[in-house]
Amino acid sequence: MPTIHILNGPNLNLLGTREPEIYGSDTLEAIELACRAFTDAHQTELLFAQTNHEGQLIDWVQRAGAEADALILNSAAYTHTSIALYDTLKAISIFKIEVHLSNPHAREEFRHRSFVSPAVDGVITGLGSDGYRLALEAIMARLAD
Ligand code: DQA
């Protein structure tokens, strides 16, 4: 059975109440349930996790490299700051998609730079929680190849 890891970075545990005009009203639990319904229907194993800690996220990305067939990563604000995360993503060779609920390019200047984008296979931004499902669909198509 293929395995997909979906990892979420800081403050995404606050989805639902956090700036809903930017991030939408879905909670992270609702997003996880929707992802799980999708992976269950596709006979795929899913690990879904969130952390507010950079080192934890790096440990989990390393684990994805060792244990998963593909990674969906919303690294939240660490996207814009973490060279360590860039290094970890470069070190793993599984299929990787960066997802953001909002479109960072249409927001503050400091969000325009991503240390993640140059180290992943694809990027989905600005489509809200649909971005996670679209990333899963892209992974299914890739794994079927
Ligand atoms: C985010 C965008 C980031 O710029 C921000 O720091 C987040 C969430 C998104 O999903 O839109 O925390 O990754």
Side-chain angles (χ1 to χ4, degrees), residues 3-42 44-143:
T3 299
I4 298 174
H5 288 192
I6 301 182
L7 301 178
N8 297 280
N11 299 307
L12 293 172
N13 55 313
L14 301 179
L15 286 179
T17 56
R18 176 193 181 198
E19 299 183 276
E21 66 286 358
I22 295 175
Y23 298 114
S25 53
D26 286 349
T27 62
L28 194 62
E29 289 72 21
I31 293 173
E32 176 175 359
L33 279 177
C35 289
R36 211 166 279 292
F38 186 96
T39 52
D40 283 354
H42 290 80
T44 298
E45 188 80 30
L46 174 66
L47 183 152
F48 190 103
Q50 186 274 333
T51 179
N52 291 323
H53 303 278
E54 184 176 6
Q56 178 70 85
L57 195 58
I58 285 164
D59 285 345
W60 286 351
V61 171
Q62 287 186 10
R63 178 181 60 182
E67 296 178 4
D69 298 289
L71 170 67
I72 296 172
L73 176 64
N74 183 349
S75 41
Y78 292 139
T79 308
H80 317 298
T81 62
S82 181
I83 296 169
L85 194 53
Y86 168 84
D87 283 345
T88 314
L89 288 163
K90 290 292 278 188
I92 67 168
S93 53
I94 59 171
F95 189 65
K96 294 157 269 185
I97 301 183
E98 173 185 359
V99 167
H100 299 284
L101 297 148
S102 67
N103 177 2
H105 299 286
R107 301 180 60 197
E108 302 96 323
E109 184 95 30
F110 62 82
R111 295 184 203 277
H112 296 182
R113 174 170 205 179
S114 169
F115 285 103
V116 170
S117 298
V120 294
D121 297 283
V123 182
I124 298 173
T125 67
L127 302 178
S129 55
D130 284 348
Y132 287 79
R133 183 180 40 77
L134 293 166
L136 283 170
E137 282 178 19
I139 288 167
M140 291 306 164
R142 181 59 67 106
L143 293 180

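Whatever order the structure lists ligands and atoms in, that order sets their numbers, starting from 1. Predicted, not measured: the structure shown is a model, and the values here were computed from it.
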- Message: Tell me which pairs pass side chain to side chain donor-acceptor pair (under 3.5 Å) where either residue lies in residues 78-88, with sequence neighbours left out.
- Response: Glu54-Ser82, Ser75-Thr79

- Message: Using every non-hydrogen atom in the two residues, find where Asp26 and Leu15 come nearest and quote the distance to one decimal.
- Response: O-CB, 3.5 Å

- Consider only side-chain N and O atoms of Ser114 and Glu98, and report whether a donor and an acceptor are under 3.5 Å apart. yes

- What is the minimum heavy-atom distance between Leu57 and Asn8, and which atoms define it? CD1-O, 4.2 Å

- At their closest point, which heavy atom of Ile6 faces which heavy atom of Cys35, and how far apart are they? CD1-SG, 3.8 Å

Ligand 1: protein N/O within less than 3.5 Å of ligand N/O:
from	atom 1	to	atom 2	distance (Å)
ligand 1	4 (O)	His80	NE2	2.7
ligand 1	4 (O)	Arg111	NH1	3.0
ligand 1	6 (O)	Ala77	N	3.2
ligand 1	6 (O)	Arg111	NH1	3.0
ligand 1	10 (O)	Asn74	ND2	2.9
ligand 1	10 (O)	Leu101	N	2.8
ligand 1	11 (O)	Leu101	N	3.3
ligand 1	11 (O)	Ser102	N	2.8
ligand 1	11 (O)	Ser102	OG	2.6
ligand 1	12 (O)	Arg18	NH1	3.1
ligand 1	12 (O)	Arg18	NH2	3.0
ligand 1	13 (O)	Asn74	OD1	2.8
ligand 1	13 (O)	His100	ND1	2.8

- Item | Considering all heavy atoms, the nearest Met140-His42 contact | CE-CB, 3.8 Å

